[in-house]
Structures are given as C-alpha cells and as structure tokens.
**Student:** 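Have a look at this one.
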Amino acid sequence: MEICRQDQALEIRELDPFLAELLRQVPESAQPKDSPAAEERLFSAPAAPEEKDLCAEWKVYVVPELRRLFQSATETVRQDLEQLQCTGKPFANCTLRIPLAHTDAWLSALNQARLAIAATYQFSDHELCDHYRSPLGSRRDLSLFQVNFYGFLQEFILREIEGNS
Amino acid sequence: MSRLPWKQEAKFAATVIIDFPDATLEAPTIEKKEATEQQIEMPWNVVVHNDPVNLMSYVTMVFQRVFGYPRERAEKHMLEVHHSGRSILWSGLRERAELYVQQLHGYLLLATIEKTV
C-alpha cells in the first residue's frame, strides 16, 4: 500500500483486497448499532450527572444534531468508497482517491469507527498500544487491527492537512 | 376588630395596589433576580478528559480549530490531558462554554462543562 498526495486529493494506491475490505467497513463500523457502550461513547454526557437539566436538554437538542453531523461524514466516506467496487479482477489491488475537501469527513468517520469499535470491545490501553498484534487470531484481534489501521490513516490525513495549512 | 367579609377585603387590597403601585414592587423579588444573574455569570470551565483512542495529533488539531489556540498552547493542553487525565481549556460564561463543549463533542472528544469552584 502506498499513500501520497496527488493534486487536490490523497491517493491510496496498491490497496490489497484485505485492507480495501477494512476500508469498506468504515461507515458500518462507525454506527453504534446494538452496542450501548459505543452509543455512550459517541454521545457522551456534557456534564456531571448532578447537572440533570443540562444533560436532559443536551439529549433533546444537541444529540440529534451530532447524530446528523456524524451521519453526514460517514455518507461522504461511503460515496468515496464506491471507487472500491471491483470491476476488474476480484482480488486485484485497487486505488482510492480521497478529495482534499473530504478529509474532514474522513477524519470524523475514521474516529467514529475507532471509538465505536474500541468501546464495543473494551480494549485496554495496553492493547491499543500493541501495534504488532496479528489480525488473524480472533474477531477481537481483527477489530484491534482495524482500530490501528484507521488510526494510521488518520495520522496521514492530519499530516497532509497540516502541510496544507 | 371585626374583619371585612372576604370579598370586600379583596376589593380593598386591589384598590391599594392600584392607588399605590410602588407598594407592589417588593424588594425581595429584585434581590432574587440579581442573584440569578450572578449565578449565570459565574464562570464555567470547559474540561477535556483523556481517552486512549483519540490520537494526540488529532486532539491538538481540534484544540487549535475550536479555541483558535496556537500550536504550542494546543499541544500543552493535549499533553496535560494525556498525563493528568484532564485539562481546563477555557473558562467563562455558561452559554459560550456549552457551545465549546458541543463543538468538542462534534469532534468526538470527551468534554464537559463544570462550575468553577
């Protein structure tokens, strides 16, 4: 896999089918679905529980706005990922172009996915620092790899944004 | 002294209020209002809490964007969050503090508002 800046886009080239599949899972992974832990993390409380009025108002007025914001980001990412629809050989490497205008959406969606997965699997600090664990052991190992791979992409996008500003 | 029947008493009271409007402005009501304003103006802190998933570079970028802090200051707060578990990013009026917390939640940081002690 090779990532580079190409005009007004970031290009991920030579993306092998396994990593391409992980990328395809970004929008899906960003949804808390049936995980209360993920829901709680993505929509955390704005104050201590004693501030009952504030927390209640937050749920009514702010959480729906945040939900829309997050969904808008994952929708942009979903559209970019349509480039990964295999039209040629089924196991061929492919290229993904992320327009610079979409980098904020990608940062958000990758972050949503990382936080939701980490909350669902309750990864420890130690596990999250283990960048060399094989993704092949179990679903948990694969999810940890997913969190780290998405983090790697976030780092790259951030570097490019900083270089741009 | 005998009391007036209740209807007459009420009529008399109403007359007093109309004839002497100043008498209806009770001092305690005004004091209560002042106390509420004081409460609203009491500074609130915007606190960001540590979480092991958000990247350090990402948190720094968010602080720069939301608060307009220069990189050095944003990094100082990010490191405080990382090492101490929390950092006070801003203090001031409640409404503004709530707005900052909303923005920080939009970037998926763990942020809360707290009354200053």
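First the proteins, then the strands, lettered A, B, ... as listed; each starts at 1. A quick note: this is a predicted structure, and the numbers were derived from the prediction, not measured. When reading the values below, keep in mind they use all heavy atoms of this one structure, side chains included, and skip hydrogens, waters and symmetry mates.
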**Student:** For atom CD of B:E95, is the number of surrounding heavy atoms from other residues, nucleotides or ligands below 6.0 Å larger than 12?
**Tutor:**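 Counting other residues, nucleotides and ligands, CD of B:E95 stays at 12 neighbours or fewer.
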**Student:** Is the shortest side-chain heavy-atom distance between A:E162 and B:R71 below 4.5 Å?
**Tutor:**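 A:E162 reaches B:R71 side chain to side chain.
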**Student:** How long is the span from the CD atom in A:E57 to the CD atom in B:E98, to the nearest 0.5 Å?
**Tutor:**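 Reported to 0.5 Å precision, the distance equals 7.5 Å.
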**Student:** When clusters are formed by joining ILVMFWY residues with side-chain heavy atoms under 4.5 Å apart, either directly or through shared neighbours, do B:V53 and A:W106 land in the same one?
**Tutor:**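 The answer is yes; both residues are in one hydrophobic cluster.
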**Student:** Quick check on A:L115 against chain B: is it the side chain, the backbone, both or neither that has a heavy atom closer than 4.5 Å?
**Tutor:**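 Both backbone and side chain.
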**Student:** Do you know which two heavy atoms are closest between A:L158 and B:S57, and how far apart they sit?
**Tutor:**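 For A:L158 and B:S57, the tightest heavy-atom pair comes out as CD1-OG, 3.3 Å.
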**Student:** Are A:Y150 and A:I157 connected in a single hydrophobic cluster, I mean Ile/Leu/Val/Met/Phe/Trp/Tyr linked by side-chain heavy atoms less than 4.5 Å apart?
**Tutor:**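 A:I157 and A:Y150: one cluster.
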**Student:** Donor-acceptor check, side chain of A:R114 to backbone of B:N54, threshold 3.5 angstrom: yes or no?
**Tutor:**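 Not a single qualifying donor-acceptor pair exists.
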**Student:** Taking only heavy atoms into account, what residues of residues 39-52 of chain A are found under 4.5 Å from chain B?
**Tutor:**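 Contacts with chain B: A:R41, A:L42, A:S44, A:A45, A:P46, A:A47, A:E51.
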**Student:** Could you state whether A:W58 and B:L110 fall into the same hydrophobic cluster, counting links through intermediate Ile, Leu, Val, Met, Phe, Trp or Tyr residues with side-chain heavy atoms under 4.5 angstrom apart?
**Tutor:**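 Each belongs to a different hydrophobic cluster.
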**Student:** Could you tell me if the side chain of A:E155 sits less than 4.5 Å from the side chain of B:Y58, heavy atoms only?
**Tutor:**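 No; the side chains remain at least 4.5 Å from each other.
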**Student:** Answer with yes or no whether the hydrophobic clustering places A:F149 together with A:L96; edges join I, L, V, M, F, W, Y residues whose side-chain heavy atoms lie under 4.5 Å apart.
**Tutor:**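 Yes, it is one cluster - the side chains of A:F149 and A:L96 are joined through contacts under 4.5 Å.
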**Student:** Can you tell which part of B:Q64 gets under 4.5 Å to a heavy atom of chain A, answering side chain, backbone, both or neither?
**Tutor:**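 It is neither, since no heavy atom gets under 4.5 Å.
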**Student:** Can you say whether B:Q102 sits under 4.5 Å from chain A via the side chain, the backbone, both, or neither, judging by heavy atoms?
**Tutor:**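 Contact with chain A involves both backbone and side-chain atoms of B:Q102.
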**Student:** Contact part of A:F70 toward chain B, heavy-atom cut-off under 4.5 Å: side chain, backbone, both or neither?
**Tutor:**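 Just its side chain gets close to chain B.
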**Student:** Counting only heavy atoms from other residues, nucleotides and ligands, does the tally under 6.0 Å from CD of A:E21 exceed 12?
**Tutor:**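 Yes, CD of A:E21 has more than 12 neighbouring heavy atoms, counting only those of other groups under 6.0 Å.
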**Student:** Can you sort out the partners of B:R73 under side chain to side chain contact (heavy atoms under 4.5 Å, CB included), two or more places apart, ordered by chain and number?
**Tutor:**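 For B:R73 the side chain to side chain contact (heavy atoms under 4.5 Å, CB included) partners, ignoring immediate neighbours, are B:Y69, B:P70, B:H77.
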**Student:** If you count heavy-atom pairs within less than 4.5 Å of chain B, which of A:N111, A:L69, A:L66 leads?
**Tutor:**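 Of the options given, most contacts go to A:N111.
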**Student:** Tell me if the NZ atom of A:K59 is crowded by more than 12 foreign heavy atoms within 6.0 Å.
**Tutor:**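 Check fails, neighbour count at 12 or below.
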**Student:** Side chain to side chain contact (heavy atoms under 4.5 Å, CB included) for A:V62 and B:H105? Distances and angles first, verdict last.
**Tutor:** CA-CA 10 Å; A:V62 180; B:H105 280 221; 6.0 Å; no
**Student:** Is it true that B:F63 and B:L99 fall in one hydrophobic cluster, defined by side-chain heavy atoms closer than 4.5 Å?
**Tutor:**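 Each belongs to a different hydrophobic cluster.
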